[in-house]
K.L.:
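So that we are looking at the same thing, I have put the structure below in structure tokens.
Because the structure is predicted, anything quoted here is derived from the model rather than measured. Just so we're on the same page: letters track the sequence lines, and every chain starts at 1.
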There are 4 protein chains.
Amino acid sequence: MSTLRLGIIMNGVTGRMGRNQHLARSIAAIRADGGIVAGSVVIWPDPVLVGRDIGRLQRLADEFGIERVSTDLDSCLGDDSYQVYFDAQTTLRREPGVMAAIAAHKDVYCEKPVATSSAAALELSRLAVEAGAHNGVVQDKLFLPGLRKLGDVLGSGQLGRVLSVGVEFGYWVFDDAAGAGQRPSWNYRADEGGGIVLDMFCHFRYLFDHLLGAARSLVCTKARLLPSRVDERGQRYDATADDAAYALVELVDGAIATLHASWCVRPYRDDLLVIKVDGTGGSAVADLRRCRVQPSAATPCFTWNPDVPQDIDPRQGWVEVPDRGHYTNAFRYQWELFLRHVAFDEPFQWDLRDGARGVQFAELALQSFSERRWVEVPDLP
Amino acid sequence: MSTLRLGIIMNGVTGRMGRNQHLARSIAAIRADGGIVAGSVVIWPDPVLVGRDIGRLQRLADEFGIERVSTDLDSCLGDDSYQVYFDAQTTLRREPGVMAAIAAHKDVYCEKPVATSSAAALELSRLAVEAGAHNGVVQDKLFLPGLRKLGDVLGSGQLGRVLSVGVEFGYWVFDDAAGAGQRPSWNYRADEGGGIVLDMFCHFRYLFDHLLGAARSLVCTKARLLPSRVDERGQRYDATADDAAYALVELVDGAIATLHASWCVRPYRDDLLVIKVDGTGGSAVADLRRCRVQPSAATPCFTWNPDVPQDIDPRQGWVEVPDRGHYTNAFRYQWELFLRHVAFDEPFQWDLRDGARGVQFAELALQSFSERRWVEVPDLP
Amino acid sequence: MSTLRLGIIMNGVTGRMGRNQHLARSIAAIRADGGIVAGSVVIWPDPVLVGRDIGRLQRLADEFGIERVSTDLDSCLGDDSYQVYFDAQTTLRREPGVMAAIAAHKDVYCEKPVATSSAAALELSRLAVEAGAHNGVVQDKLFLPGLRKLGDVLGSGQLGRVLSVGVEFGYWVFDDAAGAGQRPSWNYRADEGGGIVLDMFCHFRYLFDHLLGAARSLVCTKARLLPSRVDERGQRYDATADDAAYALVELVDGAIATLHASWCVRPYRDDLLVIKVDGTGGSAVADLRRCRVQPSAATPCFTWNPDVPQDIDPRQGWVEVPDRGHYTNAFRYQWELFLRHVAFDEPFQWDLRDGARGVQFAELALQSFSERRWVEVPDLP
Amino acid sequence: MSTLRLGIIMNGVTGRMGRNQHLARSIAAIRADGGIVAGSVVIWPDPVLVGRDIGRLQRLADEFGIERVSTDLDSCLGDDSYQVYFDAQTTLRREPGVMAAIAAHKDVYCEKPVATSSAAALELSRLAVEAGAHNGVVQDKLFLPGLRKLGDVLGSGQLGRVLSVGVEFGYWVFDDAAGAGQRPSWNYRADEGGGIVLDMFCHFRYLFDHLLGAARSLVCTKARLLPSRVDERGQRYDATADDAAYALVELVDGAIATLHASWCVRPYRDDLLVIKVDGTGGSAVADLRRCRVQPSAATPCFTWNPDVPQDIDPRQGWVEVPDRGHYTNAFRYQWELFLRHVAFDEPFQWDLRDGARGVQFAELALQSFSERRWVEVPDLP
């Protein structure tokens, strides 16, 4: 076996998401497993951790056995031994970071949202294409075990024509000190890029484009339901960003989707994210790790009779899609796809242009909210 | 004890709904129990069954021990021994029937929708008020055991400020012969007054007005998802009416409601109708017969970690609202309220004007659909 | 990060309670975790262990990595590098120990009961206030996970007006050799300060003041139910102190509390300590680690019918308050609060005056017992 | 077999308790089973139902196959074919009823409380003894299956010396319309003889005298916790009687008992009434139908360690006392004992003097409450 080293500049992995998902469970986990075996080649990711606090970087590097850290992004970008630039900084810093990396002839991979506007995101995509850079955007939910199972079910055609889709996301994020342990406080501050529309509609877009069917138009409303929360230091602050959003979406093929996203909801469902698809041939319900189907042959024939307890439990008559092999972490799964794309030019659909579509979808949702009407989902320019 | 006989002209009880809910489970059941005991008075409902097919009427009368049937509505309306007119005809026939009854100085009670337009429904209300007629409209879902429990919970204030409401209604109505046994085919024909918006949004309106909080504005979409169905004689026909509808609703107090109604959905929930309310003090989930609550003290502190199976089952941590006494059929319950209203002038909120609000809500939903925008819910003129 | 060393004279940690709760699970555990992180400062507790047996002290120090031990309290009190004096000696030795520490300008923290009389305890409080000493008393039960959850529930107002409170404490302390392994024999000797009233009513007082509502008056009875026991050396001795006590308490807000404490009881309940609160809005049952609530909406409607097995299990219909985060040891939790109080003047309610209230409550219980009447709970002078 | 007819004047069985427990489940049930077989004799109870409403009496008689009804008590008392007078009227009417029956040389059996004062009850007892009348008072709880099992356990001596007793009675009686279905509204009106002390302390007295050990002294407090309720006609009224009471009781043999009775409590225990007895040889917990014991050999050795979940569940280690034969209704059981007492002079301990003790105990509880002190339980004069 030959080893192909891939140098990766990892920028912004001192934050919780970057640390846990991208470093610990993806790059460090790949290294702990000996790299990515691809035929006779082993891809060996070799990161340099870049950030502002050298102490924190060094502790991270020590913890995960990473050799290099740096607070000097420019010199890292100038170093030819690093081919890939990864960005998990806050949204406001991402655009200049990615732009500099493209200018330095790096391949780029980054968290969502790609940029603060779809125009800016598209410009990054254009620059990357012009530079011939491999490029990708994190779309982790696509690679959750439950959604991969749902993808298999949809791909098999067993559900027939899709009629309706329901996406329910959310849980109760406490507005006292417990909430600070659940999610960072900037998520609830509009001036720091918080808000559930900006956070979730990027995800929703790729779920439509790659799993559920393309969206044609949408109408969205949002609200800031809880007026104040408690931050990481125990201080109460005014919550200024939306913490719940609801949308209706018409799909290109005529189906209708409903999107519910809320941090002010006590879930009475199987998991924190549940997607349901009803089709002419059957229905499926996916959560983070499971997927259940009810084929048309098993559909109960209900009649409305409120006088007596329903003798059919609607939750019976569903059959679980079994695990097929081991499901790795969704972030790691996409990392492996991206690194194979970089190494061998294997196809990779989830590029910066796709990321721009996510930003566009959030923009359209906000436009729909402010104009109080349906808006079309146009092609990207 | 003294007995107060109330003569009731029951028009349109040869249909399934009229027969099962209004005759068998309401009027005949009340008679089987000896009438309605109200203090020292027993109200004794004494119906005449009116319709077009004397044979069917007579068979119904025999089955339920009713003394009189008639195919001559006018002579019944002219008979002073009948004080109440009840109408469960198809919507198109209801308006002239109710109007004639008011003109004949009857008290009137009728199924929903009251009329084919809110203007017509309001005119009926106006005529009834002018005539001094007691009047009422069936709003059965309010009196389902599960929704009565939900009403108790909301009334107690335990949920705090209501943040969001979710209403999910529907089940799979087969588009083959099985479907004809579930629901009549006219429900799927636009030219016969079918369609899920006309059917369900009347119900949704009174749920808002009397249970969930008043609606301020809404946006609605609808679809005819299954193109053809099979009728009662086994013939396939083109389905022309909408069989699924989805709406977002802003409530006056700032909460947001989502409405899902579909006959093309395989439910993966507790029952055919489920209403969820999330509030600052707790949440509740009601179905036809049950209601579960999760007080804020029992709210789990979820964190997003898709790597491992969720160790908290979100369906745990809910406690069921117990039955308090015996719950009679919802239709019968409202019949008893109406007959006491007629007999003793007890208060009765669910009058023709209230029924007009239901028709208005369906009209607004259709307007929103055709104009593709949010519409306000104005006061009735 | 800067480190703030706090020198602590720990007097009396060779006893079981001192060793296990204050040294092993509090101070040593804090040190093992790197100190108390408070913003950018780390509080580093640096104890000297003081006692009479140098050998036992040195063994303890070795076990927990403590640098200094001493049998000379006076010289420790004279050492300016120790700011805090902690006393877990037997009750009779506590008063002179704390008094000397205050005279030596130390901050003081001590076990309960603070002193042998409320007058003496108040005098200690007065001296500490005059000296400007930070001061505190251990009130560990307040910080048990189950009681913290109960405090959250009560604080949320969900229980409405509190109607009644039931406190049940106790378990079977064997009167043969097994009992010596459960509790020290001095607990059962009146002349050594034993007795369940002196032991438990200090705890009960702070539960009222800080959790359940202030007490207005009480009536108490007590008994010495088992006449002899076996001591640590296997010798049978006459038990002279009360081993069971029962009280009724009227709260300021009109609720009634019952207190049961017994070492002669075989518990048939969830845990060794159970507190139940019934209110107009719901009820809660807390034990050491758990808390369950029954909101008023879930209250079953029982009717008395002894002919048939109760078809409602009264233990159903309760929902558990979930863990919110990790619960540290109750003693350690309060230690951290006290050390932050010393370091940063953060608020700390559980001071020597509060400890005097606990001693007062035990005195009032004994007075009620001897006078066989209700006694009022007066304000402290 | 010979048949011994016993004529019984049943006065006051149109009320709920009289009808259900004394007529339906006792006398009518005995008759349905062919009478009471006692050796070669069958005792055949032959009642006349006496009251004020002849219609209600006749309907009751028809329902239960009783031959005679009457509204003329005097003529019934003058009829020698009726040997027994039974009184289940309201308390205020009981005293004159029983007195007239004794004067008419009847044997008497009656509900509790026997009279409105212990002096009056004693006078009834004196009159009955002078007249040589068999006499008895209902003490149904003694004959509940669970309490009979507890009686067997205590009688066996297995619990050793009794150390403490806990009696917990009560459940939530709703203060809205649901409460009227649970209990009659007069229970909550002081001027109609309501109140939980008057209702329950009669029961508690005979539990002490016949089951748990004689009481030497008590202290009691009571409260009216819920200020208003809803009556049988749906009207809200001021609740003026105590709805919760708590007492401490010293038993003659040195044990201590606690009594909790409340209609404002949400039970988290096995049943609506639970009695626990701890003794040197073991403990027992009885409810309406079950009894569990923990012999001393099975007593767990708990140690206090709040850091970890208790690894012994205190509800384990108890073993259920099995049913021994079929347990008839408690009221019927005592009826059979009384009728055998009348027929054959078999012993019967639960006489009018015993009933006077019950009234005395309630009086002492009220005295203790008003004088805020312990009161002794003196011998009856």
K.L.:
Give, as side chain, backbone, both or neither, the part of A:Asp270 having an atom under 4.5 angstrom from any heavy atom of chain B.
P.N.:
both

K.L.:
Checking B:Phe143 against chain A: side chain, backbone, both or neither under 4.5 Å from a heavy atom?
P.N.:
neither

K.L.:
Measure A:Lys222 against the heavy atoms of chain B and call it side chain, backbone, both or neither at under 4.5 Å.
P.N.:
backbone

K.L.:
A:Trp374 ring centre to B:Arg372 NZ or CZ under 6.0 Å, with the angle to the axis within 45°?
P.N.:
yes

K.L.:
Relative to chain B, which segment of A:Ala244 carries a heavy atom at a distance below 4.5 Å: side chain, backbone, both, or neither?
P.N.:
neither

K.L.:
Is it the backbone or the side chain of A:Val219 that comes under 4.5 Å from a heavy atom of chain B, or both, or neither?
P.N.:
both

K.L.:
With a 4.5 angstrom heavy-atom cut-off, which part of B:Thr280 approaches chain A: side chain, backbone, both or neither?
P.N.:
both

K.L.:
What part of B:Ser296 is in contact with chain A, defined as an atom under 4.5 angstrom from a non-hydrogen atom: side chain, backbone, both or neither?
P.N.:
both

K.L.:
Find out whether the Lys NZ or Arg CZ of B:Arg148 is both under 6.0 angstrom from the six-membered ring centre of B:Tyr333 and within 45° of the ring's axis.
P.N.:
yes

K.L.:
Which atoms of B:Arg183 come close to chain A, meaning under 4.5 Å heavy atom to heavy atom: side chain ones, backbone ones, both, or neither?
P.N.:
neither

K.L.:
Heavy-atom distance under 4.5 Å to chain A: side chain of B:Arg332, backbone, both or neither?
P.N.:
neither

K.L.:
Which pair of non-hydrogen atoms, one from B:Phe331 and one from B:Asn329, has the smallest distance, and what is that distance?
P.N.:
N-OD1, 2.7 Å

